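Take this structure first; my questions come after.
Order of the sequence lines sets the chain letters (A, B, ...), proteins ahead of strands, with each chain counted from 1. Note that this is a predicted model, so its numbers are computed, not measured.
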There are 2 protein chains.
Amino acid sequence: MTDDPWVPPVVLLAVDLVILTLRESRLHVLLVERGIDPYKGSLALPGGFLQHDGEDITAAAHRELSEEADLDVEALSLEQFGVYGEPGRDPRGRVVSVAYLAIAPRLPEPSAGTDAADAGWQSADSVLLGDLELAFDHRRIIADGVERARVKLEHSALATAFCGPTFTITDLQDVYEAVWGISLDPRNFYRKVQKTEGFIVPAGTARKAATGRPARLFRSGPCTVLRPPMTRPAEAASVKE
Amino acid sequence: MTDDPWVPPVVLLAVDLVILTLRESRLHVLLVERGIDPYKGSLALPGGFLQHDGEDITAAAHRELSEEADLDVEALSLEQFGVYGEPGRDPRGRVVSVAYLAIAPRLPEPSAGTDAADAGWQSADSVLLGDLELAFDHRRIIADGVERARVKLEHSALATAFCGPTFTITDLQDVYEAVWGISLDPRNFYRKVQKTEGFIVPAGTARKAATGRPARLFRSGPCTVLRPPMTRPAEAASVKE
DNA sequence: GCTAGTTCCTGTCAAACTGACAAAAATCTA
DNA sequence: TAGATTTTTGTCAGTTTGACAGGAACTAGC
């Protein structure tokens with residue numbers, strides 16, 4: 001018998017990334033095809049284990065972001081939003097996963113069929129409604145991540161992260177409509193974002209659109225916290241929960 | 001040479017609990033005195049490692065809550081709010097800690113000087129301002145937990161969790177004032193909470209107070225999401241961030 | 001060039017909400 | 001019975017919201 005009475009159990013630590021973007025005015029999430037068991041061939045969130053014993057968790061998230069998603073890391077917001085560690089969620093052992101939320105502007109179409117697994121942006125609806133089978137508990141993680149994004153849109157300037165460096169007010173409205181899954185009155189939306197101080201600032205030239213009156217361009221303003229917040233219509237807020 | 005190229009590093013998983021309550025109209029946090037190294041003798045959050053390999057993280061949080069804090073577990077809300085896993089935060093090795101926020105109603109004074117370490121409720125201000133030395137990165141964790149509570153007070157009915165089963169509107173206002181660290185107009189507060197549907201409901205008898213007009217009693221209503229939200233005055237919101 | 005179609009932007013108006021404050025109601029104390 | 005204290009009900013002006021009308025700026029088709 002040893003002198004040492006009890007040692008705490010150890011776990012494997014992973015990070016999973018919920019990366020959201022807008023494509024054709026609909027919310028999409030980045031998924032990759034798993035190359036190894038378990039769930040080989042299934043779609044899953046980008047992510048993976050800590051690389052070495054001394055790697056910081058946030059650093060691991062950034063590393064996976066560039067490794068698996070090949071995205072411009074610097075430009076992306078990256079926020080921890082949950083931990084998933086239920087015993088049995090991974091057949092390999094006790095795996096605890098830290099989930100991060102990232103928002104990406106619309107990027108140029110990835111060349112279809114590159115060497116990377118041909119998975120890519122998938123409609124968030126198809127994932128959340130269960131049309132698509134996902135590895136592990138990743139559907140649950142995506143649901144939580146999307147809900148977090150919905151809430152953040154109300155109180156923060158996160159919506160601008162979905163847009164490029166400059167954007168029109170209609171672009172911004174598309175973000176709100178896609179993430180919240182509702183439609184908003186353009187006139188009232190225009191007034192609201194304009195008078196929310198520090199949300200967006202004019203960006204010089206006003207040009208765009210193949211048809212209709214050209215829209216003014218804006219860029220993200222200095223404030224990250226919206227005062228007053230954007231209010232989500234009653235039905236929309238009660239869909240979840 | 002083995003066939004196995006690489007194995008992911010393992011970590012020790014812990015939970016830490018930020019348990020908040022109100023005492024004498026001020027926000028307090030529950031701290032315990034560490035009985036073992038490292039930081040033996042220092043104040044720290046209640047918490048600890050997973051007990052065995054198959055223990056669920058949330059279950060561990062509940063276990064620690066009853067073990068270390070001796071609180072009526074059932075009545076408490078318990079919400080995960082962050083993960084702290086910076087390498088080097090614990091000299092024993094790579095420890096990753098999942099932080100939970102719990103809100104407790106004002107409890108009967110614990111008999112001073114029981115067998116449990118005489119630590120107990122400490123003023124949140126004294127912790128956050130650095131008057132009190134804490135083990136590990138626990139001050140940081142408390143700061144994040146308090147900030148989470150501040151935000152949740154705006155949009156959820158969390159404030160009622162600080163109160164007993166029945167309470168007066170003034171009791172509720174005390175919660176907001178203590179957590180937000182500001183003072184509010186009683187007339188406007190009264191009107192606001194009354195017309196926020198489902199927040200609080202009348203609870204029969206109306207009695208209380210040694211002096212002044214007796215206040216009506218209420219109990220927590222059915223809604224957990226406040227529509228419209230309680231709005232925190234501008235200065236208060238901008239203190240943080 | 002003119003008209004129709006489209007999109008963006010500026011107004012308007014009533015209803016609801018907010019912040020500041022007055023004053024009445026219900027109790028205890030002196 | 002006269003404060004003192006605390007809760008509750010109002011009031012009032014300024015702001016915000018939601019719903020909707022209509023003008024402005026541009027493209028496409030004739």
**OP:** Mind running a 4.0 Å heavy-atom check of residues 214-221 of chain A against DNA chain C and sending the residues that fall below it, in number order?
**Re:**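 Result for residues 214-221 of chain A: A:P214, A:A215, A:R216, sorted by number.
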Subject >> Flag side-chain contact, heavy atom, 4.5 Å: B:V29 against B:V127 >> reply: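 A side-chain contact exists here, since the closest heavy-atom pair is under 4.5 Å.
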Original post:
Heavy-atom contacts under 4.0 Å between residues 165-179 of chain B and DNA chain D, which residues?
Top reply: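 Contacts with DNA chain D under 4.0 Å: B:T170.
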Original post:
If we only count heavy atoms from C-beta on, is the B:Q173 to B:L184 side-chain gap below 4.5 Å?
Top reply: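 They are in side-chain contact.
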Original post:
Is it the case that more than 12 heavy atoms not belonging to A:R148 sit under 6.0 Å from its CZ atom?
Top reply: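 Check passes, neighbour count above 12.
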Subject >> Residues A:Y190 and A:T170: side-chain donor-acceptor under 3.5 angstrom >> reply: no
Original post:
What is the 5' to 3' range of DNA chain D, first to last nucleotide, that sits under 4.0 Å from any heavy atom of chain B?
Top reply: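 Endpoints of the contacted stretch of DNA chain D: D:dT5 to D:dT11.
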Original post:
Is any side-chain heavy atom of B:F218 closer than 4.5 Å to a side-chain heavy atom of B:L172?
Top reply: no
Original post:
Can you pull the salt bridge (charged side-chain N to carboxylate O under 4.0 Å, His left out) pairs that have at least one residue in residues 176-193 of chain A, sequence neighbours excluded?
Top reply: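 Sorted result for residues 176-193 of chain A: A:D185-A:R187.
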**OP:** Go through the structure and list residues passing side chain to side chain donor-acceptor pair (under 3.5 Å) with B:R216, not counting sequence neighbours.
**Re:**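 Not a single residue meets the side chain to side chain donor-acceptor pair (under 3.5 Å) criterion with B:R216.
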Original post:
To the nearest Å, how far apart are A:K195 NZ and C:dG11 C1'?
Top reply: 12 Å
Original post:
Counting only non-hydrogen atoms, which of residues 186-194 of chain A are less than 4.0 Å from DNA chain D?
Top reply: A:R187, A:N188, A:R191, A:K192
**OP:** Could you tell me whether the side chain of B:D125 reaches within less than 4.5 Å of the side chain of B:R26, counting heavy atoms only?
**Re:** yes
Original post:
Hey, are the side chains of A:M230 and A:H155 touching, using non-hydrogen atoms and a 4.5 Å cut-off?
Top reply: no
**OP:** Check every atom of C:dC17, C:dA25, C:dT7 against the side chain of A:T211 and return the nucleotide holding the closest atom.
**Re:** C:dT7
Subject >> A:D185 CG to C:dT10 P, straight-line distance once rounded to whole Å >> reply: 15 Å
Original post:
Does the side chain of A:L45 come within less than 4.5 Å of A:H138's, by heavy atoms?
Top reply: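 A:H138 reaches A:L45 side chain to side chain.
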**OP:** Give me the ring orientation class for A:Y176 and A:F199: parallel if the planes are under 30° apart, tilted from 30 to 60°, perpendicular past 60°.
**Re:** perpendicular
**OP:** Can you measure from CG (A:L158) to OG1 (A:T224) and round to the nearest 0.5 angstrom?
**Re:** 10.5 Å
Original post:
Do B:Y84 and B:D144 meet the criterion of a side-chain donor-acceptor pair at a distance under 3.5 Å?
Top reply: yes
